[in-house]
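Just so we're on the same page: letters track the sequence lines, and every chain starts at 1.
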Protein chains: 2
Amino acid sequence: MYDVAERSGVSIATVSRVYRTPDSVRAQTRERVLEAARQLGYVPSGNARGLASRTTGVLGLCFPDMADPDAEADAEADSDADDAVMLYSDQIIRGMERAARRHGYALLIAASMEDGPESVVAKVAGRVDGFAVLARTVPTEDLEVISRRLPVVMIAGPREIDHLDHIVVANADGERELARHLIEDHGLRRLAFVGGEVESPDAEARFLGFRQACRDAGLPVPDAPDLRAEMMTQAEGARAAEALLDRAGERPEGMLFANDQMAVGALRALERRGVRVPEDIAVTGFDGIPLSRIVQPPLTTVRQPIRRLGEQAVELLVQRLGNSGAEPVSLMLPVSLIRRASCGCG
Amino acid sequence: MYDVAERSGVSIATVSRVYRTPDSVRAQTRERVLEAARQLGYVPSGNARGLASRTTGVLGLCFPDMADPDAEADAEADSDADDAVMLYSDQIIRGMERAARRHGYALLIAASMEDGPESVVAKVAGRVDGFAVLARTVPTEDLEVISRRLPVVMIAGPREIDHLDHIVVANADGERELARHLIEDHGLRRLAFVGGEVESPDAEARFLGFRQACRDAGLPVPDAPDLRAEMMTQAEGARAAEALLDRAGERPEGMLFANDQMAVGALRALERRGVRVPEDIAVTGFDGIPLSRIVQPPLTTVRQPIRRLGEQAVELLVQRLGNSGAEPVSLMLPVSLIRRASCGCG
DNA sequence: ATCTAGGGTGAATGCGCTTTCAGAAGAGGG
DNA sequence: CCCTCTTCTGAAAGCGCATTCACCCTAGAT
């Protein structure tokens, strides 16, 4: 910059103005400066600019190293799918990128890994005006510290820190609506719910929705899922389905899985056992992954607006950057029931 | 940082060392500093660090605003596909992110848009240690200037600037192999090639491959594609297919399209016309997009390793950051022929 | 010809951190 | 008890830019 200033016969202040507030510089001077910059191959330092102006024009995203183990597993099984199917994190990224672009921000993305002290977050946090975090990516205490200095929004996670903005999808509402549909529209009564690990807030919320539907319909309200899967993968889903079949007592009329992966696994297990879906038993999932459309029968499920999650995160960040004093916001994005053949529809 | 230093009774130099070279500080002192940092909610400024150390730990990617108009169009037609299908840019991002992560870098992404002077590139270029550019994203002259200051790798574009590293896929080889397959294995002779706009280096390279195959087989070598599509979309592909059918003279035995989108459009047009594929005519595409697997008949095509493009880009950047004096590298990634029903295979 | 605005420009300061370069504080050795 | 050798730590000088604040010049007004 000093070179540019010297070469064009002005001070560095003027060079700075040429880039920041072009109108405040006489056109002729401006041209001289730009020409000099071109000749010298001048590239303004974002770092210096950021330091001086205390703002970066960049938003960030931290996501878990293994954002979607199921999809990874799928990918290995079918290398075609690998290139075709978007992971959860891909969709978030796409959503955030679009929204950030609209607001004139660039997006810095980094997957968490164990590193030195503070690790990834530190890297991101120090270089952005604000950032989003996917659930269970960053230690709560780190977030606590960082969120005191800049806007942070938690995506799809519990509200561990009360002054954080956060966004979730309507897991409970979706599952409730799904169960209601099975009960009221298809007349099913004996429903089994297959949940996930206790620490998964999503899976738990979905189970809660299931309970509500049972209560609403006057059916017995279970205290806990009929089964819990550790990994929520297809393999676990298949195992769960078989376990439910082999259980003493009457066979359930419907199996609700906490996610699509498990439901798909169940579909395959049931087929092996010669159990017809949906004639003998209804099966449902949650998420609306691409695979749910392709399996036979197509899976009734609940679609999450994952991309909108990312978009909304950016909106919240931008809002907070404009008005840091506002009350913490807590958004819940609506989901939509997708009725397909696996429950008896279509 | 000054506050942390004061609170823990050391100088800022020591605080800096705690983060940069923890081992050079006595354990006891280190703990005191970290504790103070925690209490104060200290977040190191990436900008300042970058300024002082002249390195950011971030790699960048600039991609076109409309990375893939075809996919966009698809998405509108089928909102399901929108969430499911990865765009070209999504795959590049995924590849780069993975590779960057391995090397300890974060990734800054920004789509180009018309803005002030220098626009997006300036934003990215000033904040990264090096970056990748998708073809036709950044004006050549800007690239020329920037690439004098930091490593830049051009992805899937022509080598406009000779000192730039660049990566392309083996477009010509792939198309050549594809055409060879049609000619030798299926015994076809009258082949028509539908290309893209002249400015599309990919489409041109593919046509070149087609010519080579013709030459190899002793068939007449065309000077130009039988047709050129402006947009390379399904609609254009359909139109092209019909135009070829309606042409005077013998009907071609095979139609080779410069990408899958057009081929898919052609498939549909041919079906409407009652022309059977592959019995009456063979059809092929290029890219290996997800859709190519699903259409009827499944499309014979050439798959590009898009994700690897991103990974390789990062590898090149990292290499050059380690050794900036090296000769410019020019990589060509191999592609793979996918034989499906539309050419008569399977 | 003198005065008054204002637009243009320059000097100087500081953003928060890294990095020599020295100096201080212990640790042994003589 | 003094001297030398390590370890640690502090002082200070930037890194490249944004931003007052003050100043200068040119018009238009008087």
Answer with base, sugar-phosphate or nothing: what part of the nucleic acid does Gly126(A) contact at a heavy-atom distance below 4.0 Å? nothing

Summarise protein proximity over nucleotides 13-21 of chain D in one line of letters, 5' to 3': B for base, S for sugar-phosphate only, - for none, counting protein heavy atoms closer than 4.0 Å. -BBBBBB--

Rounding to a whole Å, what distance do you find between Arg32(A):CZ and dG8(C):C1'? 12 Å

Any Lys/Arg nitrogen of Arg98(A) or Glu315(A) sitting under 4.0 Å from an Asp/Glu carboxylate oxygen of the other? no

So does Arg94(B) pair up with Glu97(B), basic N to acidic O under 4.0 Å? no

Whether the side chain of Ser16(A) engages the backbone of Ile12(A) through a donor-acceptor N/O pair (distance < 3.5 Å, no angle test) should be reported. no

Measuring centre to centre across the rings, with the benzene-like ring taken for any Trp, is Tyr2(A) within less than 6.0 Å of Tyr42(A)? no

Let me know the distance between CG of Asp23(A) and C1' of dT9(C), rounded to the nearest Å. 16 Å

Counting only side-chain N and O atoms of Arg26(A), is one of them less than 4.0 Å from OP1 or OP2 of dT9(C)? yes

Less than 4.0 angstrom from a charged side-chain N to a carboxylate O is my criterion; do Glu35(A) and Arg32(A) meet it? no

Hey, does the side chain of Arg101(A) reach the backbone of Ala111(B) with a donor-acceptor pair shorter than 3.5 angstrom? no

